[in-house]
Q: 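Structure in structure tokens, see below.
By convention in this document, chain letters (A, B, ...) are assigned in the order of the sequence lines, proteins followed by strands, and residues within each chain are numbered from 1.
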2 protein chains.
Amino acid sequence: METMNTASAPADEPQWLTAEEQRVWRAYLHATTLLEDHLDRQLQRDAGMPHIYYGLLVGLAEAPHRRLRMTELAMQAKITRSRLSHAVARLEKSGWVRREDCPSDKRGQFAVLTDAGLEVLRRTAPGHVTAVRQALFDRLTPEQQKSLGEIMQIVAEGLQPNEAGADLPWLR
Amino acid sequence: METMNTASAPADEPQWLTAEEQRVWRAYLHATTLLEDHLDRQLQRDAGMPHIYYGLLVGLAEAPHRRLRMTELAMQAKITRSRLSHAVARLEKSGWVRREDCPSDKRGQFAVLTDAGLEVLRRTAPGHVTAVRQALFDRLTPEQQKSLGEIMQIVAEGLQPNEAGADLPWLR
DNA sequence: CGCCTGTCCTTGAAACTTGAACAAATAGGT
DNA sequence: ACCTATTTGTTCAAGTTTCAAGGACAGGCG
């Protein structure tokens with residue numbers, strides 16, 4: 001239903017997508033859902049968890065003491081705190097993450113990557129990287145990779161106006 | 001954990017992502033999850049259904065008699081038949097879709113867009129198009145839009161080797 | 001101090017998704 | 001006609017996500 005007229009937009013008519021824009025949008029939708037499904041299955045099969053959970057472990061692995069406050073981890077992963085809460089509960093049951101109280105703020109919780117969690121990453125990361133390469137990077141020219149990065153950067157910033165990047169948006 | 005070494009890959013070491021590739025991949029992940037969430041909320045709020053369900057209605061609206069076989073609709077939307085089965089059950093309860101038996105194949109079912117379904121599309125499509133524009137097209141140059149289309153086309157085809165496009169792959 | 005107000009995180013129920021298992025029907029031989 | 005393999009769509013159970021609500025604490029202010 002982005003599909004309707006191709007003519008110009010008279011007054012209050014919504015500005016429909018052009019034929020070319022529609023092609024782009026559909027390609028985007030198809031590619032992103034196929035890729036997400038593909039990686040979800042790959043990781044579910046090889047690591048026993050969905051892609052987003054894997055991303056949480058990665059986030060923790062890269063954090064200072066393999067630990068992050070729940071809110072930070074949620075922001076990092078672009079998910080709600082509620083969703084994270086459930087996810088960490090599940091990862092805890094699997095033994096890959098452990099919770100710890102924050103000493104300085106009694107409301108706070110740290111999610112901590114366990115040794116088992118690190119181990120599962122070590123074991124499955126290579127296969128995952130390969131999957132990402134095969135599905136994405138191996139198919140694109142260097143120019144396309146660069147372009148993709150720029151585009152996605154723009155879109156992400158548009159939807160999440162903050163998140164200090166290379167430049168400081170609040171100074172402009 | 002795509003993150004590990006930045007040095008060259010010795011023998012059997014997996015081929016980790018370069019720093020630049022990592023940036024691209026993260027931007028991709030962030031942008032796609034933010035956009036998906038954004039549109040899901042937009043449509044849940046304005047149309048009372050998630051994005052993928054909306055896509056199903058659009059698919060039906062564009063089909064010959066506002067109807068499609070379950071399997072075709074599933075392929076169109078890039079989802080499993082199981083998921084579609086649940087989704088159509090829900091859309092049926094909402095009154096936007098109706099099922100019809102296929103006369104020529106007694107196993108078959110058509111999903112048919114009802115008048116109420118068409119009406120909900122008419123009512124909500126403008127807002128949805130606007131959301132897509134604001135989040136994506138309005139932020140990209142024409143060159144970037146073109147590039148994005150090409151890239152996504154490549155990725156989609158890589159993950160779904162068939163789906164007749166402009167050329168006929170089985171003839172090559 | 002005592003009282004707001006906001007932040008941090010969890011909970012519970014409902015909605016949605018997944019994968020395997022299944023019944024019914026068709027298609028393809030033999 | 002017959003037997004097998006495949007296709008079609010559904011169902012079940014388990015897992016995940018969402019949204020609204022709520023409990024606990026922190027920070028600021030009179």
Side-chain angles (χ1 to χ4, degrees), chain A residues 33-34 36-57 67-94 96-112, chain B residues 32-34 36-57 67-94 96-112 162:
Chain A
T33 73
L34 287 171
E36 181 58 19
D37 285 8
H38 181 65
L39 296 181
D40 259 339
R41 295 210 175 88
Q42 186 267 314
L43 283 171
Q44 189 67 56
R45 174 165 54 72
D46 298 347
M49 70 189 110
H51 188 197
I52 190 100
Y53 286 36
Y54 179 89
L56 296 176
L57 297 193
R67 82 192 48 215
L68 240 30
R69 286 286 294 269
M70 294 294 280
T71 296
E72 293 180 86
L73 184 51
M75 291 194 313
Q76 225 258 3
K78 264 73 186 168
I79 63 177
T80 63
R81 287 195 291 288
S82 171
R83 185 174 175 183
L84 178 63
S85 206
H86 289 294
V88 167
R90 194 278 216 185
L91 290 171
E92 221 172 359
K93 240 184 284 192
S94 303
W96 298 325
V97 167
R98 158 171 46 87
R99 285 181 217 247
E100 269 182 31
D101 293 343
C102 174
S104 64
D105 185 338
K106 288 176 183 168
R107 297 167 300 181
Q109 289 275 103
F110 282 104
V112 186
Chain B
T32 53
T33 73
L34 287 171
E36 183 57 20
D37 285 8
H38 181 66
L39 295 181
D40 258 339
R41 296 214 171 85
Q42 186 266 314
L43 283 171
Q44 189 67 58
R45 174 167 52 73
D46 299 347
M49 70 189 110
H51 188 197
I52 191 98
Y53 286 38
Y54 179 89
L56 296 176
L57 298 193
R67 81 191 50 212
L68 239 32
R69 285 286 294 269
M70 294 295 278
T71 296
E72 292 181 87
L73 184 51
M75 292 195 313
Q76 225 259 359
K78 265 73 185 170
I79 63 178
T80 62
R81 289 196 288 292
S82 170
R83 186 174 176 183
L84 179 62
S85 206
H86 291 293
V88 166
R90 194 281 214 182
L91 290 171
E92 219 171 2
K93 238 185 286 192
S94 302
W96 298 326
V97 166
R98 157 170 48 87
R99 284 182 219 249
E100 269 182 31
D101 293 345
C102 174
S104 63
D105 184 340
K106 286 177 185 168
R107 297 167 301 182
Q109 290 274 101
F110 282 105
V112 186
N162 61 316

Q: Do you know the tightest heavy-atom contact between B:M70 and B:A111?
A: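 In terms of heavy atoms, the two residues are closest at SD-CB, 4.1 Å.
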Q: Once you round to the nearest 0.5 Å, how far does CZ of B:R69 lie from CZ of B:R107?
A: 7.5 Å
Q: What are the two closest heavy atoms between B:D101 and B:F110, and how far apart are they?
A: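 Taking every non-hydrogen atom into account, O-CD1, 4.1 Å.
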Q: Taking the nucleotide of DNA chain D with the closest heavy atom to each, which residue, B:F110 or B:R41, is nearer the 5' end?
A: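 Taking each residue's closest nucleotide, the earlier one in sequence belongs to B:F110.
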Q: Starting from C1' on C:dT17, measure out to OH on A:Y53 and report it in whole angstrom.
A: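 Spelled out: OH on A:Y53 to C1' on C:dT17 is 12 Å.
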Q: From NE2 of B:H51 over to P of C:dC16, roughly how many Å is that when rounded to an integer?
A: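 Whole-Å distance recorded here is 15 Å.
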Q: If I compare all heavy atoms of A:T80 with all of A:R83, which pair ends up nearest, and what's the gap?
A: OG1-N, 3.1 Å
Q: What is the separation between atom NE2 on B:H38 and atom P on D:dT18, rounded to the nearest whole Å?
A: 15 Å
Q: Quick check for you: among D:dG9, D:dT17, C:dT11, whose closest atom lies nearest to any side-chain atom of A:R83?
A: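 Minimum distance to the A:R83 side chain belongs to D:dT17.
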Q: About how many Å separate CE of B:M75 and CZ of B:R81, when rounded to the nearest 0.5 Å?
A: 9.5 Å
Q: Find the distance B:K93:NZ to C:dC16:C1' and express it as a whole number of Å.
A: 12 Å
Q: Can you tell me which nucleotide in D:dT8, C:dT17, D:dT16 comes closest to the side chain of A:R90?
A: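 The closest nucleotide is D:dT16.
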Q: Side chains of A:L84 and A:L56: closer than 4.5 Å at any heavy-atom pair?
A: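 A side-chain contact under 4.5 Å exists here.
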Q: As an exercise, state the distance from CD1 of B:I52 to NZ of B:K78, rounded to the nearest 0.5 Å.
A: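 Result: 10.5 Å between the selected atoms.
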Q: When you compare the protein's N or O atoms with those of nucleotides 5-7 of chain D, which come within less than 3.5 Å of each other, and at what distance?
A:
{"unit_1": "D:dT7", "atom_1": "O2", "unit_2": "B:R107", "atom_2": "NH1", "d": "2.2"}

Q: Would one find a side-chain N or O of A:R99 under 4.0 angstrom from OP1 or OP2 of C:dC9?
A: no
Q: Can you say whether a donor on the side chain of B:S82 sits under 3.5 Å from an acceptor on the base of D:dT10, or the other way round?
A: no
Q: What is the nucleic acid contact for A:D105, judged by heavy atoms within less than 4.0 Å: base, sugar-phosphate only, or nothing?
A: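 Sugar-phosphate only.
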Q: Report the distance from atom CG of B:D40 to atom C1' of C:dT17, rounded to the nearest whole Å.
A: 13 Å
Q: Atom NZ of B:K78 to atom C1' of C:dT17: distance rounded to whole Å?
A: 19 Å
Q: Taking atom types as modelled and ignoring hydrogens, do the side chains of B:R90 and B:S94 form a donor-acceptor contact shorter than 3.5 angstrom?
A: yes
Q: Check if the side chain of B:H86 and the base of D:dC12 share a donor-acceptor pair of N or O atoms closer than 3.5 Å.
A: yes
Q: At under 4.0 Å between heavy atoms, what does A:I79 touch on the DNA or RNA strands: base, sugar-phosphate, or nothing?
A: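 Nothing: the residue A:I79, judged by heavy atoms under 4.0 Å, touches no strand.
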Q: Which distance, rounded to the nearest 0.5 Å, do you find between the OG1 of B:T71 and the CD of B:Q109?
A: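 It is 10.5 Å, given to the nearest 0.5 Å.
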Q: Nearest heavy atom decides the nucleotide; on that basis, is A:P50 or B:Q44 closer to the 5' end of DNA chain D?
A: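 Its nearest nucleotide being more 5', the pick is A:P50.
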Q: Given that B:T80 and A:E72 both sit by DNA chain C, which one's nearest nucleotide is further toward the 5' end?
A: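 Counting from the 5' end, the first nearest nucleotide belongs to A:E72.
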Q: Report for the helix from C:dC1-D:dG30 to C:dT30-D:dA1: angle between first-end and last-end helix axes, five pairs each, rounded to 10 degrees.
A: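 End axes: 20° apart.
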Q: Please report the closest heavy-atom contact between A:W96 and A:M49, naming both atoms and the distance.
A: CZ3-CE, 3.8 Å
Q: Could you tell me the separation between the CD1 atom of B:I52 and the P atom of C:dA15, rounded to a whole number of Å?
A: 19 Å
Q: Rounded to the nearest Å, what distance is computed from the CG atom of residue B:L84 to the C1' atom of nucleotide C:dC16?
A: 13 Å
